[in-house]
There are 2 protein chains.
Amino acid sequence: MSYDYAAMIALADPTRRQVFELVAEQPRSVAELTRCLPVSQPAVSQHLKVLKDARLVHAEPRGASNIYHIDPHGLGEMRAWLDHIWGEALDAFRKEINDSREKER
Amino acid sequence: MSYDYAAMIALADPTRRQVFELVAEQPRSVAELTRCLPVSQPAVSQHLKVLKDARLVHAEPRGASNIYHIDPHGLGEMRAWLDHIWGEALDAFRKEINDSREKER
DNA sequence: GCTTATGATAAGCAATGTCTTATGATTATG
DNA sequence: CATAATCATAAGACATTGCTTATCATAAGC
């Protein structure tokens, strides 16, 4: 189970989450995204770069615009990792319950 | 679907992930955790505070020690949120594929 | 009781991250 | 062809974060 945590780190920032949610809702250009957000256009571009590197979005050049689309890969990897950890955590939790039961006897 | 992202933010830090993994493996005291990690005891305590607030671990005082255990709540909430977003993302992705098919006609 | 071990908190510092303005490159528009 | 629009990148300001050392409170062991 190897995972580079890029998607999780990317989504840990609130502004970046907003950018991602907007793109997930529908494909949008940088200009459109900037109009929806309380930060400057360069800030939006910087966030998009992080999201793109984490494979949460991908860009489609369209004339002078750059349309950003959702990319399922980043979320998929994150989900696989989380499922794995979740399984381990539940096992550990059950084991603890058992151990504490045994002690009571 | 409301989620405060505390678990995700907590696990976005590499040291904090290590602390969490160690606790998930088996319950451990702060001193034990510090011996396993390349940072000072106060650093470990600070990370544990963040993990505890995110309901990823919980503390069990035992004499002068403080044994930290895994707490499934934080991961569970994060998992529920991620499943939700994952569903939305897949819907959006499928919709895009459809839209681009229609344009080709 | 005195010493030792444990762990939480405070204060300060260095590194990192997020934002801004400035700028240049590319494309559409009149 | 000149102007306007779009967007990425660079440079710098500012805030946040993760770490350290110092310290205090509590509990265990002699």
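Sequence lines set the chain letters: A, B, ... in the order given, protein chains first and strands last, and positions in each chain run from 1.
In this entry the distance linking CZ of R17(B) with P of dG18(D) reads 11 Å, nearest Å. dC7(D) atom P lies 7 Å from atom CD1 of I67(A), rounded to whole Å. The interatomic distance linking N66(B) (CG) with dT9(C) (P) rounds to 10 Å, in whole Å.
At distances below 3.5 Å, not a single donor-acceptor pair connects side-chain atoms of R79(A) with backbone N or O atoms of W86(B). Between the side chain of E32(A) and the backbone N or O of S29(A) there is at least one donor-acceptor pair closer than 3.5 Å. Here the side chain of R16(B) pairs a donor or acceptor atom with the backbone of A10(B) at under 3.5 angstrom.
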Readout for nucleotides 18-27 of chain C: B = base within 4.0 Å of protein heavy atom, S = sugar-phosphate only, - = neither; 5' to 3' it is SBBBB----S
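Scanning residues 27-37 of chain A for heavy-atom distances under 4.0 Å to DNA chain C yields an empty list.
The side-chain tip of R17(B) points at the ring of Y5(A) from less than 6.0 angstrom away and within 45° of straight on.
Between P72(A) and L90(B), the shortest heavy-atom contact is CB-CD2, 4.5 Å.
Atom CG of N66(A) and atom CZ of R62(A) lie 11.5 Å apart (nearest 0.5 Å).
Between dA8(C) and Y68(B), a contact under 4.0 Å exists linking OP1 or OP2 to a side-chain N or O.
With contacts defined as side-chain heavy-atom distances shorter than 4.5 Å, the pair H58(B)/Y68(B) does not qualify. Between R35(B) and R28(B), every side-chain heavy-atom pair lies at or beyond the 4.5 Å cut-off.
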